[in-house]
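Computed from heavy atoms alone, side chains included, the values below leave out hydrogens, waters and symmetry copies.
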Amino acid sequence: MGDFSPDLWSHPRLLAAVANEDWGAVFRTYRRLTGASQMTLGVRVGLVQPDVSEIERGRRRVTSVEVRQRIIAGLGIPPERLPGGESGAGALPVPGLAFAGITPDEDLLARVTTTMDGAHRVDAATLDWLDGLLAEHRRAEDFIGSGPLVEVMGQQLRTVVNLYAGARGPLADRVVRLASEHAQFLAWMAQDQGRTAAALAWYDRSHEWALEAGDADMAATTLSMKAHMAWSGGRGQRCVRLAEAARWSAPGASPGVQGMAAQMAARGHALNKEGDNARRLLDEAQELIVRAARRPEGEPPWMYFYDETWFTLQHGMAAMHLGAWRAATRHLTAGLAALPSNYRRDLAWYRSCQAHAHAAAGEAEQSLAAALASVPDAAEVGRPHAWHELHATAAALLRHGAAEGRELADVLRAHD
């Protein structure tokens, strides 16, 4: 892409702006030179368009180390152009990712980053490193959201696909499996950003590659995630059918993967107000999760988040659909208490749901407290889903005539 050519960062105005860390001037000059819109620039650096506008106009300063690193990574600013010629560690695409224990030596790094032309052979060390890198990016996305990682992961997938020409025998299967995992992660990030068509296309590609690689766990996971998309769109019956397909089409999937499919089917039934079916499947899902917990080494790496805590939160979501507001707040409160602080995106989402459940239960004070706790993460990494849920919470409070609804609406308006 021309936006990231070396010549771009030789432009004197950009050089001066970067040297002074005048991020407003960086944004203005970058957009003038590349033709990028404020929205496009925001996607690249993980900011919403109003925040980009405020920074450009000098009404907001960049004081967060995390935001600064996202700007550097998202715009592709060369480390040597930064004040003091920062090392590569200071310009990592994700804050805190040192990739301890999986950093390649110079020879391996060259093999990973050079396009394979068929004359080169892929080795296990290269694929091990890419496996570790993907795992680090998955966990980073929990903390910083999907925006800063989309382009990075797209480039990483291209690297994996290029490796296929040099792969032989079992290594070729590993490359296809790795491509499938990258495609699934890209699908999830597109879904998180509300780009439904792109998400469906990536899930389909991931599913196809999973079948080619004989990976039952990923084949089932992609169907469960498509069920999640149907649930997000209010399509309960489609959610149930896709989740059930995930169960019967991949009988060799791990207990955790099967449990995720069972709880997705339960949520589809809950969306359709079919309480008995929802409760039956939630019970099945819980049994499968217990089995998975006994042998965590048998679960695929992308299921690292799926445990009793996550299931408790999903149980709360099903209770919300069934109108069991007190049960919903009980499950959500218990799950949130156990959710690690590095799951910022999930904290934003489930706190916003907790706030909505409290509002529907007529508990205005508790609803406002949960909503205000959600706002910082929802504003930065939880858009659009958690942010929309907070607006729905404010509307529910206002319908109940609660003064807390106006207070929450004012807070949200200040961040819109």
Side-chain angles (χ1 to χ4, degrees), residues 135-146 184-185 188 191-192 217 220-221 224-225 227-228 231-232 243 246 253-268 270 278-322 324-358 366 369-371 373-374 376-378 381-382 385-386 389-390:
E136 294 285 350
H137 281 136
R138 285 193 187 107
R139 286 163 175 77
E141 194 263 344
D142 293 325
F143 185 74
I144 66 173
S146 56
Q184 183 268 338
F185 189 34
W188 161 250
Q191 179 180 342
D192 183 56
D217 287 327
T221 297
S224 287
M225 297 309 295
H228 178 71
W231 170 83
S232 298
S254 73
V257 170
Q258 293 178 38
M260 181 167 68
Q263 66 82 23
M264 276 309 317
R267 285 164 64 186
R279 285 184 282 272
R280 172 179 57 80
L281 284 163
L282 286 170
D283 288 343
E284 286 186 33
Q286 188 154 27
E287 291 177 8
L288 288 163
I289 293 165
V290 171
R291 284 176 53 195
R294 293 193 189 112
R295 291 189 64 252
E297 71 280 2
E299 295 299 316
W302 62 87
M303 293 293 290
Y304 65 94
F305 65 93
Y306 191 73
D307 56 15
E308 284 279 3
T309 296
W310 193 80
F311 175 76
T312 299
L313 292 164
Q314 295 300 317
H315 204 156
M317 299 296 301
M320 286 182 69
H321 288 309
L322 294 171
W325 302 114
R326 298 298 171 85
T329 57
R330 185 173 66 253
H331 288 303
L332 290 168
T333 300
L336 282 164
L339 196 63
S341 60
N342 58 304
Y343 284 75
R344 289 182 64 209
R345 184 197 60 245
D346 287 348
L347 284 167
W349 168 244
Y350 290 115
R351 279 174 178 156
S352 68
C353 293
Q354 180 192 35
H356 197 170
H358 277 303
Q366 296 95 319
S374 175
D377 287 338
V381 301
H385 305 292
E389 193 72 9
L390 289 174

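- Within the 4.5 Å cutoff, side-chain heavy atoms of Y343 are placed close to those of F305.
- For A270 against A278, the heavy-atom pair with the smallest separation is N-CB, 3.9 Å.
- Applying the side chain to side chain donor-acceptor pair (under 3.5 Å) test to D142 and every residue at least two apart in sequence or in another chain returns Y304, R345.
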Requested in this report: Could you walk me through whether R138 and E136 pass the salt bridge (charged side-chain N to carboxylate O under 4.0 Å, His left out) test, one step at a time?
Outcome: CA-CA 5 Å; R138 285 193 187 107; E136 294 285 350; over 6 Å; no

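- The structure places NE2 of H137 at 13.5 Å from OG of S146, a figure rounded to the nearest 0.5 Å.
- R351 places no side-chain N or O within donor-acceptor distance of the main-chain N or O of S374, the cut-off being under 3.5 Å.
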Review item, side-chain donor-acceptor pairs of residues 254-263, under 3.5 Å, at least two apart:
from : atom 1 : to   : atom 2 : distance (Å)
S254 : OG     : V257 : N      : 3.2
S254 : OG     : E299 : OE1    : 2.6
S254 : OG     : E299 : OE2    : 3.4
Q258 : NE2    : A253 : O      : 2.6
Q263 : NE2    : M260 : O      : 3.1

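- H331 pairs by the ring-ring contact (aromatic ring centres under 6.0 Å, His included) definition with H315, not counting sequence neighbours.
- When only modelled atom types and interatomic distance are considered, Y350 and Q314 share a side-chain donor-acceptor pair under 3.5 Å.
- W325 pairs by the ring-ring contact (aromatic ring centres under 6.0 Å, His included) definition with nothing, not counting sequence neighbours.
- Taken from CD in Q286 to CZ in F311, the straight-line distance is 4.5 Å, to the nearest 0.5 Å.
- Annotation: the span from L339 atom CG to L347 atom CG amounts to 4.5 Å, rounded to 0.5 Å.
- Ion pairing between a basic and an acidic side chain is recognised when a charged N comes within 4.0 Å of a carboxylate O; E141 and R139 show no such pairing.
- Here the closest non-hydrogen pair linking P376 and A373 is CD-O, 3.7 Å.
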Report task. Would you check, one step at a time, whether the test side-chain contact (heavy atoms from CB on, under 4.5 Å) holds for R279 with L322? Result -> CA-CA 10 Å; R279 285 184 282 272; L322 294 171; 4.0 Å; yes

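- Side-chain N/O atoms of Q354 and T333 include a donor and acceptor closer than 3.5 Å.
- Legend: residues meeting ring-ring contact (aromatic ring centres under 6.0 Å, His included) with W231, ordered by chain and number and at least two apart, are H228, H321.
- The shortest distance between side-chain heavy atoms of L332 and M320 falls below 4.5 Å.
- The shortest non-hydrogen separation linking A266 to L281 is CB-CB, 3.7 Å.
- For A243 against A265, the heavy-atom pair with the smallest separation is CB-N, 3.4 Å.
- Taking the charged nitrogens against the carboxylate oxygens, R280 and E284 do have a contact shorter than 4.0 Å, which makes a salt bridge.
- You'll find the side chain of L390 stays beyond 4.5 Å of the side chain of H356, heavy atoms only.
- With sequence neighbours left out, D307 forms a side chain to side chain donor-acceptor pair (under 3.5 Å) with no residue at all.
- The closest side-chain heavy-atom distance from L313 to W349 is not below 4.5 Å.
- Between G335 and T309, the closest heavy-atom pair is O-CG2, 3.4 Å.
- Contact detail for T221 and W302: the closest heavy-atom pair is OG1-NE1, 3.0 Å.
- Side-chain contact between I289 and W310 is absent, with no heavy-atom pair separated by less than 4.5 Å.
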